[in-house]
Enquirer: 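Below is a structure I'd like to ask you about.
Below, all heavy atoms of this structure are taken into account, side chains as well, without hydrogens, waters or symmetry copies.
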Amino acid sequence: MQSAQITHLKPQDGVPYEILRDIFLLTLPERDCDRIHPSYPPTIISQVCSHWREIAFSEPKFWDTVIFNSIPRNYGHSNQRLADQHNRFIKSGTVQRWFHRTGGSHTLVLGEEASDKPSSCLIFLLFPIIVEFSGRIKALKIVMTSSSHLDYMRELTEVAQFGELARVEIHAVMRESMTSLDLEAVGVIHAFKDKTFKLKEAHFRVDMAPPLHFVMPWRQLRRVKLTGCPRRPVFPSDWMALLRLCPGLETAELINPYDPEGWPEAMSLSDVPKLDQDDELSLVSLTIHDADSILHHQRRTGSPECMFIHLLEFAHLKHLEIRVQNAPWTARSQQPERWLVQALSGLKSLESLTLYTSGRNDSFYPYRIHAIVQYWRATPPEGFGALRSFTLQYSHNHAPELVRLLQGPLSTTRCPYLSMTIAGEDEEMGMWGALLAHPSFSSVVDRLKVTPRSEFNFQQVE
């Protein structure tokens, strides 16, 4: 809630403490990094009157989170001002004062929210605070912009005790400033291996080494997010290594993965061997955003997403979300879409599938999703018997393709429980309504619904 909205409220001593406290908690900003701003709760609430201040200071949840927004490059004159604000907040001891208000046992959230290209970081200022409160930190976000900052990570292993740590984010973008010798010298990075028995979730965005160079209690992780960088995307080798180290992994996100193989045009996906695995994978939910593959003679070869799906058996995978790059594929080959549909058909337990575009150019016309539907319709694959929910962004211009898809490969005989949801552009809702009322849609209208795209929580590229 904005500060103006807070101060328009009238302090009423007669309102019970519990009610005021719960109201105040609802005003906390959605973004954790906004909490430290003096014009937002909790600070603005504590400045209204002594009664509100007493309520705010007595509730640990107001003060248990300190997240700084890292400073991006080319941010104009406000760069230095934001950096000065962060420095004052830390050097004045405000972080410690916030955390001391939570008592001696309440768990804490601390760190930096990374921008895509941070110009600097606060690890050298936050390090002693991390050490001081390490036993109570449940979520930690670390940004590093120089190879020297890796020493802080290594030292944490020696001096910190992360008994409550459940989630960690490591954002290390430093390759641009490193020489080839620096890159070779990185080696393994001991970070959170010992005495982190509660650590279940990790997010990596690193460009100087594979994420697996960080020594972690990998086998106990249940949720992992790998985000690629401009100088180092997420490779299939990263994905395979992660799955081998985390047999208990339940949820995974791959952002900006890249398949570097130039697969032959005539090659079939069945010719690509699956990798051996020692443990049965527990993966239930997988998200893949903006996958890419190698360009060869002005053609895309292989399939950007399918190699991250095909190379291992995902016997328990139930939920799959794919955000495709929406640039039109000028290649005459249908191999990328053909391979993707084949890879999807191998997911025997798949219950929900979501396909949408990145929100870049031409988002009103999802070229690749249309091509996927075309191939899916033309060559009925096996599988999909467990599929219950299929959500896809689509244009009304090609709506008849969906009828043929639901009457053929995804018919009630093959997919008896399936319901398809179309995310259509808001201004196309009238046209979609007219189409669904047409007799040609009568056989599938009970399995097909259209919803404005604005109502979906699709993650878009800014």
Side-chain angles (χ1 to χ4, degrees), residues 32-33 35-36 59-68 70 86 89-114 121-172 186-206 209 211-226 242 245-251:
D32 287 342
C33 59
R35 287 200 191 189
I36 64 174
E59 175 50 58
K61 293 179 182 179
F62 284 117
W63 314 101
D64 63 3
T65 299
V66 176
I67 296 293
F68 298 91
S70 65
H86 290 170
F89 196 97
I90 298 174
K91 291 180 179 180
S92 65
T94 305
V95 179
Q96 288 91 331
R97 285 195 293 273
W98 275 42
F99 286 170
H100 287 313
R101 290 170 190 164
T102 66
S105 59
H106 191 83
T107 54
L108 310 169
V109 177
L110 177 62
E112 284 185 83
E113 194 73 60
C121 67
L122 298 170
I123 182 64
F124 57 96
L125 293 176
L126 291 177
F127 179 78
I129 304 174
I130 295 173
V131 173
E132 179 180 355
F133 294 96
S134 62
R136 295 170 53 195
I137 295 176
K138 67 176 179 181
L140 180 62
K141 300 182 178 184
I142 294 177
V143 177
M144 295 175 287
T145 55
S146 169
S147 57
S148 62
H149 297 157
L150 296 173
D151 293 334
Y152 289 106
M153 292 292 301
R154 296 184 176 100
E155 192 171 348
L156 283 177
T157 303
E158 304 297 328
V159 300
Q161 302 293 324
F162 292 103
E164 295 295 328
L165 189 65
R167 176 167 55 92
V168 63
E169 296 184 17
I170 300 177
H171 183 111
V186 169
V188 297
I189 304 163
H190 292 268
F192 302 102
K193 184 177 181 181
D194 299 324
K195 300 181 180 179
T196 52
F197 304 115
K198 295 185 178 181
L199 186 60
K200 301 296 182 184
E201 181 176 350
H203 175 196
F204 290 90
R205 188 175 189 267
V206 296
L212 281 302
H213 273 214
F214 287 83
V215 179
M216 304 273 290
W218 293 103
R219 293 190 68 85
Q220 71 187 44
L221 295 185
R222 295 296 177 265
R223 185 185 185 101
V224 174
K225 180 177 181 179
L226 302 182
L242 174 66
L245 286 175
C246 303
L249 188 67
E250 297 172 355
T251 301

Enquirer: Quick one: are Leu249 and Leu242 in side-chain contact, heavy atoms under 4.5 Å?
Expert: yes

Enquirer: Side chains of Arg97 and Ser92, heavy atoms from C-beta outward: is any pair under 4.5 Å?
Expert: yes

Enquirer: Could you give the distance from NZ (Lys138) to CD (Glu164), rounded to the nearest 0.5 Å?
Expert: 10.0 Å

Enquirer: At what distance, to the nearest 0.5 angstrom, does CZ of Phe124 lie from OG of Ser148?
Expert: 10.0 Å

Enquirer: Do Ile189 and Arg154 make a side-chain contact, defined as non-hydrogen atoms from C-beta onward lying under 4.5 Å apart?
Expert: yes

Enquirer: What is the distance from atom CG of Leu122 to atom CD1 of Ile90, rounded to the nearest 0.5 Å?
Expert: 4.5 Å

Enquirer: Can you check whether Pro217's main-chain N or O pairs, donor with acceptor, with Arg219's side chain at less than 3.5 Å?
Expert: no

Enquirer: Check step by step if side chain to side chain contact (heavy atoms under 4.5 Å, CB included) holds for Leu165 and Leu140.
Expert: CA-CA 8 Å; Leu165 189 65; Leu140 180 62; 4.0 Å; yes

Enquirer: Evaluate the side-chain proximity of Val143 to Ile123: yes if any heavy-atom separation is below 4.5 Å, no if none is.
Expert: no

Enquirer: Quick one: closest heavy-atom pair of Ala202 and Leu221, and the distance?
Expert: CB-CD1, 4.1 Å

Enquirer: Taking Lys141's backbone N and O only, do any of them form a donor-acceptor pair with Glu113's side chain (distance below 3.5 Å, no angle check)?
Expert: no

Enquirer: Can you tell me how far apart SG (Cys246) and CE (Met216) are? Round to the nearest 0.5 Å.
Expert: 8.5 Å

Enquirer: With respect to Leu110, which candidate in Leu126, Ile142, Ile67 satisfies the side-chain contact (heavy atoms from CB on, under 4.5 Å) definition?
Expert: Leu126

Enquirer: Is a donor on one side and an acceptor on the other found under 3.5 Å between the side chain of Arg136 and the backbone of His106?
Expert: yes

Enquirer: Please check if the side chain of Thr157 supplies one atom and the backbone of His190 the other of a donor-acceptor pair under 3.5 Å.
Expert: yes

Enquirer: Which heavy atom of Phe99 sits nearest a heavy atom of Val109, and at what distance?
Expert: CZ-O, 3.8 Å

Enquirer: Determine whether Trp98 and Leu108 satisfy the following criterion, side chain to side chain contact (heavy atoms under 4.5 Å, CB included), listing intermediate values before the conclusion.
Expert: CA-CA 10 Å; Trp98 275 42; Leu108 310 169; over 6 Å; no

Enquirer: Less than 4.5 Å apart, side chain to side chain, heavy atoms only: is that true for Arg101 and Pro60?
Expert: no

Enquirer: Using the ring of each side chain (for Trp, its six-membered ring), is Phe192 parallel, tilted or perpendicular to Phe162, with breaks at 30° and 60°?
Expert: perpendicular

Enquirer: Are Gln96 and Phe133 close enough that some pair of their side-chain heavy atoms sits under 4.5 Å apart?
Expert: yes

Enquirer: When rounded to the nearest 0.5 angstrom, what distance separates NE2 in His203 from NZ in Lys225?
Expert: 4.5 Å

Enquirer: For a quick test of reading the model, state the closest non-hydrogen atom pair linking Gly163 to Lys198 and the distance between them.
Expert: O-CD, 3.6 Å

Enquirer: Quick one: pull up CD1 in Ile170 and CE in Met144 and give me the separation to the nearest 0.5 Å.
Expert: 5.5 Å

Enquirer: Glu59 side chain to Lys61 main-chain N or O, any donor-acceptor pair under 3.5 Å?
Expert: yes

Enquirer: Aromatic rings Tyr152 and Phe127: how do their planes relate, parallel, tilted or perpendicular, breaks at 30° and 60°?
Expert: tilted

Enquirer: Can you name the salt bridge (Lys or Arg N to Asp or Glu O under 4.0 Å) partners of Arg223, sequence neighbours left out?
Expert: Glu201, Glu253

Enquirer: Identify the two heavy atoms, one from Ile129 and one from Val95, that lie closest to each other, and give their separation to 0.1 Å.
Expert: CG2-CG1, 3.8 Å

Enquirer: Tell me, do Thr107 and Ile137 make a side-chain contact under 4.5 Å, heavy atoms counted?
Expert: no

Enquirer: Without swapping roles, check the side chain of His149 against the backbone of Ser146 for a donor-acceptor pair under 3.5 Å.
Expert: yes

Enquirer: Decide yes or no for Leu125 and Lys91: does some side-chain heavy atom of the first lie under 4.5 Å from some side-chain heavy atom of the second?
Expert: yes

Enquirer: For the pair Phe214 and Phe204, evaluate side chain to side chain contact (heavy atoms under 4.5 Å, CB included) and give the outcome as yes or no after the intermediate values.
Expert: CA-CA 10 Å; Phe214 287 83; Phe204 290 90; 3.8 Å; yes

